[in-house]
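Taking it in order: structure first as structure tokens, then the write-up.
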2 protein chains.
Amino acid sequence: MSTEKQPAGRPRDTEAAGAIKAATLKLVRERGYGKVSIAAIAAEANVARQTLYNRWNTKANLVLDAVFEETAQYADTPQHDPNQSSKSQLERFLAQVFTHLTENGDPIRALIAAAQDDHAFRQVFSERFVKPREKMVTDLLRNAQNNGEIAPTRNVEMLSSFVHGAFWYALLNGDPVDNDLARNIAGEIFTHVPDRSV
Amino acid sequence: MSTEKQPAGRPRDTEAAGAIKAATLKLVRERGYGKVSIAAIAAEANVARQTLYNRWNTKANLVLDAVFEETAQYADTPQHDPNQSSKSQLERFLAQVFTHLTENGDPIRALIAAAQDDHAFRQVFSERFVKPREKMVTDLLRNAQNNGEIAPTRNVEMLSSFVHGAFWYALLNGDPVDNDLARNIAGEIFTHVPDRSV
DNA sequence: GTATTTATTAGACTGCGGTCTATAAAGATA
DNA sequence: TATCTTTATAGACCGCAGTCTAATAAATAC
């Protein structure tokens with residue numbers, strides 16, 4: 001039991017936040033980010049608009065919470081498995097990320113868009129979405145470089161940028177972000193120049 | 001003299017379009033896409049809002065025209081120069097694109113954002129901005145592959161995707177899109193695995 | 001000349017995200 | 001019990017993109 005001393009004043013409705021997030025997720029998946037109004041979300045959650053704004057200050061922040069609360073930790077750094085090539089580890093990791101990305105493609109694209117004219121949101125989005133994924137790939141690639149699966153001359157940060165860039169580019173241009181893309185990216189990152197001496 | 005037969009009805013004000021585009025460019029560069037209203041642009045151009053909407057149906061389309069009219073052809077495919085390595089050609093080309101991208105970073109990011117919830121605009125933007133640049137890079141890389149500067153096993157379309165993705169990623173995440181990035185991208189695309197047989 | 005057609009203008013209007021205010025409700029404190 | 005503090009609610013309000021209407025202006029067709 002959490003016997004926190006209750007502060008003065010009317011306590012927050014403990015169910016409101018959950019109801020709002022659920023309503024958000026439902027409506028955004030049904031209609032898409034752009035066609036869902038804050039008023040519609042509040043109505044669906046049986047709550048006044050101001051109650052929603054007491055908890056989230058923008059639509060983007062609300063949707064970010066709604067879409068990512070269960071997936072924050074789901075994309076864990078894959079532990080390095082010495083029985084598996086880094087290439088197939090990267091491919092599997094990307095395939096997993098792309099699944100979530102495709103299921104939530106519309107809101108994620110909308111959030112990237114929202115981040116473009118809202119500096120504060122861009123920070124939040126970067127911390128919660130961009131940087132964690134970037135780090136996982138960079139770690140994996142660095143590991144591969146230490147194992148000799150990537151030539152020591154290569155620039156791992158740039159390669160990581162290639163990986164992320166490739167799927168952002170596909171995502172934002174409406175191209176499919178699927179297993180094929182995962183295979184192609186991993187294949188190209190781990191391509192070796194054929195050994196000319198043989 | 002173009003003695004086109006004039007159609008019936010009051011002719012369009014021949015100066016309006018230019019004045020609107022000029023006003024758009026001026027205000028967007030001064031204040032940024034998000035802080036310029038259509039009303040402000042119309043006022044700056046001394047024109048009614050409807051006159052503007054007679055020519056462009058959305059803010060995004062207007063800004064696209066204003067920002068890119070002089071640059072549509074400026075980014076020409078660099079002719080293959082046998083005296084220059086493809087690597088340095090790519091670097092020079094990217095540096096040139098990045099210059100324009102940095103000068104107009106705010107509106108371009110805003111246009112990418114606008115494309116995310118406006119399918120029609122995404123098409124237009126893709127035709128006028130995305131695909132031409134993609135083709136130039138793909139052509140350059142294919143040429144390099146034919147010259148033996150890129151191993152024949154490599155997937156040129158994927159490499160092109162890496163190039164574009166890398167700078168979209170940087171652009172949309174607020175990282176600098178500059179000569180350093182151009183050099184790093186070109187360097188990494190044309191990296192050769194050290195020849196182990198020597 | 002008159003009729004017709006199209007463009008320009010000013011301004012009303014809608015729906016949106018987001019802010020603000022006034023009132024009522026729910027709890028702690030005294 | 002009365003007081004204080006915070007939340008919930010309904011609704012007014014703002015600025016914006018985009019649509020629509022009515023009046024007027026500038027051209028052609030007759």
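First the proteins, then the strands, lettered A, B, ... as listed; each starts at 1.
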Requested in this report: Confirm from the modelled atom types if Arg10(A) and dT7(D) form a donor-acceptor pair under 3.5 Å, side chain to base only.
Outcome: yes
Query raised in the report: Between the base of dT8(C) and the side chain of Arg49(B), is there a donor-acceptor distance below 3.5 Å?
Result: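 When only heavy-atom distances are counted, Arg49(B) does not reach the base of dT8(C) through any donor-acceptor pair under 3.5 Å.
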Figure out the [atom1]/[atom2] separation between [X] and [N], and round it to whole Å.
X	N	atom1	atom2	result
Glu15(B)	dT8(C)	CD	P	12 Å
Phe121(B)	dG18(D)	CZ	C1'	16 Å
Ile38(A)	dC14(D)	CD1	P	21 Å
Trp56(A)	dT19(C)	CH2	P	15 Å
Tyr53(B)	dT6(C)	OH	C1'	21 Å
Arg12(B)	dT28(D)	CZ	P	17 Å
Asp117(B)	dC16(C)	CG	P	14 Å
Gln50(A)	dT23(C)	CD	C1'	14 Å

Query raised in the report: Between Asp13(A) and Val47(A), is any pair of side-chain heavy atoms under 4.5 Å apart?
Result: no
Query raised in the report: Reckon Asn54(A) touches a base, only the sugar-phosphate, or nothing at all at heavy-atom distances under 4.0 Å?
Result: sugar-phosphate
Report task. Name the residue closer to the 5' end of DNA chain D, choosing between Pro7(B) and Gly34(B) according to the nucleotide with the nearest heavy atom. Result ->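 Result of the comparison: Gly34(B).
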Query - Earlier contact from the 5' end, DNA chain D, for Lys35(B) and Asp13(A) - result: Asp13(A)
Query - dT9(C) OP1/OP2 closer than 4.0 Å to side-chain N/O of Thr51(B) - result: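 Answer is yes, contact under 4.0 Å.
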Query raised in the report: With a 3.5 Å cut-off and no angle check, do the side chains of Glu188(B) and Asn184(B) form a donor-acceptor pair?
Result: no
Query raised in the report: Can you tell which of Arg55(A), Arg128(A), Lys59(A), Lys21(A) makes a salt bridge (charged side-chain N to carboxylate O under 4.0 Å, His left out) with Asp65(A)?
Result: Arg128(A)
Report summary line: Whichever of Gly9(B) and Asn46(B) has the more 5' nearest nucleotide on DNA chain C, that residue is Gly9(B)
Query - Criterion side-chain contact (heavy atoms from CB on, under 4.5 Å) against Trp168(B), the qualifying member of Val177(B), Val130(B), Asn173(B) - result: Val130(B)
Report task. Fit a plane to each ring of His164(A) and Tyr169(B), take the angle between them on a 0 to 90° scale, and name the class: parallel (under 30°), tilted (30 to 60°) or perpendicular (over 60°). Result ->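 Correct class here is parallel.
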